[in-house]
Structures are given as C-alpha cells and as structure tokens.
Amino acid sequence: MAVLALVDCNSFYAACEQAFRPDLLDRPVVVLSNNDGCVVARSKEAKALGIRMGEPWFQARQRLGEGGAVTALSSNYALYADMSRRVMRLLARFAPCQEIYSIDECFLDLTGLPEDPGALGRRLRDTVRRWTGLPVCVGIGPTKTLAKLANRLAKQDAGWEGVCDLGACAAADRDRWLAATPVAAVWGIGPRLASRLEALGMRSALDLAGADPRRLQRTFSVVVERTALELRGVPCLALEDLPPDRQQIQCSRSFGAPVTAPRELAEAVTTFVSRAAEKLRAQRSEAGAVSVMIRTNLFAADAPQYSNSLVVGLPEPSADTRVLARAALRGLRRLYRPGFRYAKAGILLLALTPAARHQADLFTPDRSDRGERLMATLDRINRRYGRETILLAGAGLHRRWAMHQANRSPRYTTRWDELPVARC
DNA sequence: TCTGGGGTCCTAGGACCC
DNA sequence: TCTGGGGTCCTAGGACCC
C-alpha cells in the first residue's frame with residue numbers, strides 16, 4: 001500500500017508576510033488579490049473575524065468599519081514565490097519523490113521509508129517551521145485524495161497537532177472521519193457536483209466512497225468515479241514528479257483605472273505578451289496562436305458592456321516576443337470598439353509545441369535566425385538586472401492602467417535594496 | 001471609487017474519413 | 001415506410017483546482 005503525504009502551508013501568503021513582520025503574528029492579516037481587489041489569504045485571526053475567501057476587500061472593510069484592526073497587504077508574488085521555492089527544496093529532502101502541486105503544497109511519496117509516516121510528518125513540520133518560519137500541516141493516506149482529506153482534518157482539528165495519518169487509523173475510525181466530511185470538501189468535488197451528489201443522497205465523503213463507481217461514471221464522469229475509488233483507498237491518480245510543460249500560457253490583469261484609449265490597451269497587451277513569452281521560452285516552447293481578450297467592468301451594471309476575444313493564428317510557431325506581440329495587436333485592432341471603458345485585458349498563448357521540433361511554414365521564406373539569440377539575450381539581461389530592464393517600446397513606460405497596489409511589503413528575499421535589516 | 005489570475009481535464013457534438 | 005457502421009480529430013463549454 002502506498003503512503004502519500006500532502007504538505008500544505010497554512011494561510012501561505014499571510015504567513016509569508018508574518019515571517020518578516022513578527023509584529024503581525026497572532027493578528028488579523030489579509031493578503032489581497034491583484035489590484036487590491038479580493039481577499040486571497042487570511043491569517044487565523046482574520047478568518048475568525050468572518051472575512052471570507054475571495055470576498056471583495058472594499059466590502060469586508062466596510063463591514064468591519066474601515067477594516068478595523070485588520071492589516072491588509074497587497075500581494076507580493078516575488079516574496080511568495082521565493083518562500084515557496086525554499087519550502088519545496090526543504091521538503092524534497094524528506095522523500096525520494098515530490099510533486100509540487102501548487103505554490104503552497106506538495107505531495108511526497110513516503111512509501112517504503114523506514115520511519116513511521118506520522119513521525120516523519122511531525123519532524124518535517126518542525127523543520128519547515130524552524131528553517132523558514134512557516135507553519136505547515138501534513139495529511140497522510142494511501143491515495144492523493146485521502147492525503148488531501150487528511151490534510152484538511154489536520155488543519156481543521158487542533159487535536160491532530162498538524163499531522164493526520166489516515167493510513168494509521170483503524171478502518172472504523174477512518175469511516176467516522178469520512179462520514180464527518182461533507183462531500184463538497186472532497187478534492188475534485190466542486191459546488192456543482194456537490195449539489196448534484198447531495199440531491200442523490202450522497203452528502204458525506206463516506207457516502208461517495210460507498211457509491212457504485214460504474215453508476216458514478218455513467219451519471220457524472222470518470223473524474224467522479226476515480227474520486228470515489230480514491231476515497232476507498234484505490235489509487236487512480238499517480239504522483240507526477242516531473243511537471244509537464246504548460247499547454248497554454250496566459251497573462252491578464254484588471255486595470256488600476258478604466259482605459260478608453262486604444263494606445264493604452266495596446267501597451268497592456270504588449271506587456272502581457274512579453275510576460276507570457278518569457279515563460280514560453282523558459283519551457284522551450286513556441287506558440288502557434290495568440291488569443292486576445294478585452295472587457296469592460298462586469299460589475300458596473302449601468303455602464304455599457306463589451307466583452308470579446310479572438311484567436312490569431314501564426315503562419316509558423318514562434319517564441320519571439322515581437323512576433324507574438326504583432327499578432328496580438330492585430331487581434332486587438334479587430335476587437336477594439338470605441339466608446340467603452342475597459343477594465344481588463346489579457347492574452348493567451350496556445351498551440352504550444354517544443355521549440356526543438358520547430359515546424360516551418362512552406363510559404364514563409366526560410367529564416368535561419370528566428371530571433372532566438374536576441375530573445376535569449378533579453379531574457380538573460382532581465383533575469384540578471386530585474387524584470388523589464390529591457391522591454392518593447394510598445395509596452396509603454398507611464399502605464400496609467402497599471403494595477404493598484406497600495407500596500408505591498410518589500411521583496412525581502414529577492415532584492416538587495418529591500419533586504420530586511422536586523423538590529424542587535 | 002473599489003469585485004484576481006492561471007491552470008487542467010473531460011464530454012458532447014460536429015466534421016470528416018473509409 | 002424503410003437510408004450503415006466504425007472511427008478520428010477538433011472545438012466549445014463545463015467543471016474543477018489553487
């Protein structure tokens with residue numbers, strides 16, 4: 001039987017902020033989404049105040065009376081990404097196989113290790129705490145879905161002290177925990193599926209585990225069938241230690257202020273393409289098409305609305321920012337309608353293929369240089385001297401549309417000039 | 001005034017093939 | 001009256017995840 005652990009940081013973004021601001025420990029802290037829009041992370045104390053995940057901050061703030069005692073921080077992805085890298089590297093030492101599942105969680109394969117899984121979980125939790133300052137919880141089970149569920153129990157029930165090993169439970173105890181878990185809390189069961197399952201009488205994780213898999217497959221999909229089997233301890237989801245290349249790369253942002261000028265939309269689109277193309281080259285892929293999207297503010301019910309997107313195909317795949325940006329701007333010109341106040345734009349790179357297997361276009365004159373050397377140099381400079389040290393002129397320098405970030409903490413770990421200062 | 005961003009997988013249905 | 005059978009590929013849309 002496999003032994004899988006899911007290690008998940010508690011309130012990750014908020015905990016990263018607190019790690020560098022001890023004065024914020026044990027206090028209500030929230031981290032806001034881009035543009036300071038929604039609450040995306042909450043410290044325990046902020047949760048206790050009833051602030052909901054994804055809640056618009058301006059609403060929570062009003063409810064609490066100008067925010068009350070809550071410290072609200074703009075998101076600082078440079079910091080979170082770097083802290084994530086540290087935690088993941090540390091965790092990788094504890095197991096031969098690791099799947100990094102998201103910025104704040106990973107699966108570890110503990111199968112066959114000599115140490116008791118629960119004891120290993122506690123050791124790993126202490127180490128992460130001591131070395132990074134971040135609290136994590138560990139869930140252990142024979143399948144990914146059960147490890148996820150165990151992690152939820154460890155987080156929710158202080159009795160577990162941060163580590164829950166469902167594999168070590170007696171079957172009757174395990175069933176009791178499954179029965180106490182609402183079906184909506186099972187990994188892979190979202191709100192839609194949950195209400196359909198409940199309508200059929202399956203309210204708990206135990207109900208789902210006990211259902212006939214074939215019937216689930218017929219009524220819902222193989223996804224639900226697999227989830228049910230995983231809850232029974234039958235592995236259906238493998239641990240993937242090598243992250244596959246992305247099949248699409250997107251970049252989109254809400255604007256800090258409404259945009260009406262096509263010139264400014266073009267700046268934003270060029271900026272987003274540049275960002276995405278960098279990621280594209282990092283995984284050594286090329287894009288065969290670019291999709292562009294613009295829209296007005298969906299929440300401004302009385303303002304005229306417009307939302308549209310289109311896909312621009314390339315004659316041959318490219319990873320050259322200039323080529324991709326030209327295509328995107330061609331799309332933008334077709335999409336643009338005057339007279340609207342635009343709130344958001346985005347781009348999506350699609351039809352990604354490995355650059356090493358470039359497929360040339362029969363009718364495009366052959367060019368031995370597809371801008372690869374120039375792009376490689378550009379990436380190197382920007383890696384070394386910081387993002388956007390060199391950028392396309394079309395990406396603009398003034399950026400009236402740039403997102404709103406009223407209260408971003410310093411990039412403590414990735415900028416020399418923003419290092420924290422210790423006093424003795 | 002103020003409402004995020006970036007992904008994946010599956011299914012159904014249409015187009016097309018022999 | 002009655003109009004085959006089996007397959008692939010692509011796309012849009014839905015659902016999920018963090």
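Quick caveat, the model's predicted, so the values are computed rather than measured.
For A:Y80 and A:E17, the side-chain atoms include at least one donor-acceptor pair closer than 3.5 Å.
Mapped onto DNA chain B by nearest heavy atom, A:C251 and A:R341 fall at different nucleotides, with A:R341 at the one closer to the 5' end. If you find the closest nucleotide of DNA chain B to A:F220 and to A:C38, the one lying nearer the 5' end belongs to A:C38.
Between the CG atom of A:L348 and the P atom of C:dA12 there is a distance of 12 Å, rounded to whole Å. In this structure, CE of A:M53 is placed 10 Å from C1' of B:dG4, rounded to the nearest angstrom. In this structure, A:L349 places its CG atom 13 Å from C1' of B:dG6, rounding to the nearest Å. Atom P of nucleotide B:dA12 and atom CZ of A:R218 are separated by 14 Å, given to the nearest angstrom. Between the P atom of C:dA15 and the CZ atom of A:R192 lies a distance of 5 Å, rounded to the nearest Å. Atom CG in A:N297 sits about 13 Å away from atom C1' in B:dG4, given to the nearest Å. Computed from coordinates, the A:Y13 OH to B:dG5 P distance equals 13 Å when rounded to whole Å. Straight-line distance from the NZ atom of A:K279 to the P atom of B:dG5: 12 Å, rounded to whole Å.
Counting only heavy atoms from C-beta on, A:Y101 has its side chain closest to C:dC18 among C:dC18, B:dC2, B:dC9. Listed candidates were B:dT11, B:dG5, B:dG7. Nearest to the side chain of A:N34 is B:dG5. Nearest nucleotide to the A:E105 side chain, out of C:dC18, B:dT3, B:dG7: C:dC18. With C:dC16, B:dG7, B:dC2 as the candidates, the nucleotide lying closest to the side chain of A:L193 is C:dC16. Of the candidate nucleotides B:dG5, B:dT3, C:dC16, C:dC16 has the atom nearest to the side chain of A:P191. When distances run from any side-chain atom of A:F299 to the nucleotides B:dT3, B:dT11, B:dG5, the shortest one goes to B:dT3.
Nucleotide C:dG14 forms a Watson-Crick or G-U wobble pair with B:dC9, both donor-acceptor distances falling under 3.5 Å.
A salt bridge is defined here as a Lys NZ or Arg NE, NH1 or NH2 lying under 4.0 Å from an Asp or Glu carboxylate O, and A:E161 with A:R125 fails to meet this definition. Ionic pairing of A:R61 and A:E66 is present here: one or more N-O contacts between side-chain nitrogen and carboxylate oxygen are shorter than 4.0 angstrom. With salt bridges taken as basic N to acidic carboxylate O contacts below 4.0 Å, none links A:R415 and A:E418. Ion pairing between A:R129 and A:D126 fails under the 4.0 Å rule for side-chain N and carboxylate O.
At a threshold of 4.0 angstrom between heavy atoms, the contacts of A:R275 with the nucleic acid are absent. Heavy atoms of A:V31 sit nowhere under 4.0 angstrom from any nucleic acid atom. Across all strands shown, A:L298 has no heavy atoms under 4.0 Å from either base or sugar-phosphate atoms. Using a 4.0 Å heavy-atom cutoff across all strands shown, A:W187 reaches sugar-phosphate atoms only and no base atom. Within 4.0 Å (heavy atoms only), A:I189 reaches sugar-phosphate atoms of the nucleic acid but no base atom. As judged by a 4.0 angstrom heavy-atom cut-off over every strand, A:E240 is placed among residues making no nucleic acid contact. Looking at heavy-atom distances under 4.0 Å, A:I249 makes contact with sugar-phosphate atoms alone, never a base. At a threshold of 4.0 angstrom between heavy atoms, the contacts of A:D104 are confined to the sugar-phosphate backbone, with no base atom among them. Among the atoms of the strands shown, base atoms are found under 4.0 Å from some heavy atom of A:Q248.
Distances shorter than 4.0 Å separate none of the side-chain N or O atoms of A:S221 from OP1 or OP2 on B:dC9. Within the structure, a side-chain polar atom (N or O) of A:Q247 is placed less than 4.0 Å from OP1 or OP2 of B:dC9. Within the 4.0 Å cut-off from OP1 or OP2 of C:dA15, not a single side-chain nitrogen or oxygen of A:R196 is found. Contact annotation: A:K148 side-chain N/O to C:dC18 OP1/OP2 distance is under 4.0 Å. Taking only side-chain nitrogens and oxygens, A:R253 comes nearer than 4.0 Å to OP1 or OP2 of B:dG6.
Here A:E105 contributes atom CD and A:C137 contributes atom SG; the two are 12.0 Å apart, rounded to the nearest 0.5 Å.
For the C1' atoms, the distance linking B:dC17 with C:dG4 amounts to 14 Å, nearest Å.
Relative to the six-membered ring of A:F107, A:K144 meets both conditions, a distance below 6.0 Å and an angle of at most 45° to the axis.
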